[in-house]
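Values below: every heavy atom of this structure, side chains too, minus hydrogens, waters and symmetry copies.
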Amino acid sequence: MPEFVPQQKITEFVNDGFEHTAWRLETRTGYLSDKQMPSYAEFLRTGDTAGEVGHPWFETVRRMVGKGKRFERVRLVDSPPREGQQYLLACARTNMAAGEDIRYMWRSEAEAVGLGGLSDFWLFDSRTVARFHSTGSARLAWS
């Protein structure tokens, strides 16, 4: 049985708990946490953003990449991309500058190969999964 854990525990694990790889699948069309960022309002106003350059996430990624660890993501994208996905596309350069490797897959292609029904998750070191369970608010479970 998976153990439900608070976001803080996942954050701590990302900061110091994995050995070599943090890999994430992002399946949602948008994220509440993104909409709460000042850069989201900038994106809506201008269609572009420099991302949250000073956000602690980027410092964490730089520090972990400096230790030889990898951060990788695959994001499912609709055709045409929805507003939240357009925002992530605009911010990707900031993530990549910090050291993340981000890849995109059309949602239709993901569905064609059986990935369409998956929920977001982190996979750490090819053995520890943190799945997102959405019930109005993000909840995470270790597997």
J.: Does the ring centre of F132 sit less than 6.0 Å away from the ring centre of F121?
T.: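 They do not qualify: ring centres at least 6.0 Å apart.
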J.: Given E19, which of K67, R127, R70 fulfils the salt bridge (charged side-chain N to carboxylate O under 4.0 Å, His left out) condition?
T.: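 Result: among K67, R127, R70, R127 is the only option passing the salt bridge (charged side-chain N to carboxylate O under 4.0 Å, His left out) with E19.
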J.: May I ask you to check whether E111 and W106 show a side-chain donor-acceptor distance below 3.5 Å?
T.: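 Result is no, nothing qualifies.
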J.: Examine the side chains of Y40 and T49 and answer whether a donor and an acceptor come within less than 3.5 Å of each other.
T.: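 No, no side-chain donor-acceptor pair sits under 3.5 Å.
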J.: If you round to the nearest 0.5 Å, how far is SG of C91 from CG of D34?
T.: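 It is 7.0 Å, given to the nearest 0.5 Å.
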J.: For the residue pair A98 and V61, what are the closest heavy atoms and their distance?
T.: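 Result for this residue pair: O-CG1, 3.4 Å.
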J.: Of the non-hydrogen atoms in G99 and V65, which two are nearest, and what is the gap between them?
T.: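 Looks like O-CG2, 3.9 Å.
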J.: Please report the shortest heavy-atom distance between I102 and N95, naming the atom on each side.
T.: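 Scanning both residues, the minimum pair turns out to be CD1-CB, 3.5 Å.
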J.: Taking the basic N atoms (NZ, or NE/NH1/NH2) and the acidic carboxylate oxygens, is any pair closer than 4.0 Å for R24 and D120?
T.: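 Here R24 pairs with D120 in a salt bridge, since their nearest N and O are under 4.0 Å apart.
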J.: Minimum heavy-atom separation for V77 and Q85, please, with both atom names.
T.: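 Distance-wise, the nearest heavy atoms are CA-NE2, 3.7 Å.
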J.: Once rounded to the nearest 0.5 Å, what's the spacing between atom CG of L115 and atom CG of L25?
T.: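 It comes to 7.0 Å.
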J.: Measuring from F43:CZ to K35:NZ, what's the distance to the nearest 0.5 Å?
T.: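 The NZ atom of K35 is 11.5 Å from CZ of F43, to the nearest 0.5 Å.
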J.: Please answer: with hydrophobic residues joined when any side-chain heavy atoms are less than 4.5 Å apart, are L44 and M37 in the same cluster?
T.: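 Linked within one cluster.
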J.: So which atom in A92 and which in R75 form the shortest heavy-atom distance, rounded to 0.1 Å?
T.: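 Distance-wise, the nearest heavy atoms are CB-NH1, 4.2 Å.
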J.: So if I apply the salt bridge (charged side-chain N to carboxylate O under 4.0 Å, His left out) rule between E26 and each of R103, R73, R107, which one comes out positive?
T.: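 Filter result, single survivor: R73.
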J.: Does a salt bridge link R62 with E100, judged by any charged N lying under 4.0 Å from a carboxylate O?
T.: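 The answer is no: the pair does not qualify as a salt bridge.
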J.: Assess whether atom CZ of R82 is packed by more than 12 heavy atoms of other residues, nucleotides or ligands within 6.0 Å.
T.: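 Not more than 12 within 6.0 Å, no.
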J.: Parallel, tilted or perpendicular for F71 and W122, by the 30°/60° rule?
T.: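 Perpendicular.
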J.: Ignoring hydrogens and geometry beyond distance, is a side-chain donor-acceptor pair present between D125 and T21 at under 3.5 Å?
T.: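 No pair is found: no donor N or O on one side chain lies under 3.5 Å from an acceptor on the other.
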J.: Got L88 and E83 here, is their nearest side-chain heavy-atom distance under 4.5 Å?
T.: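 L88 vs E83: side chains apart.
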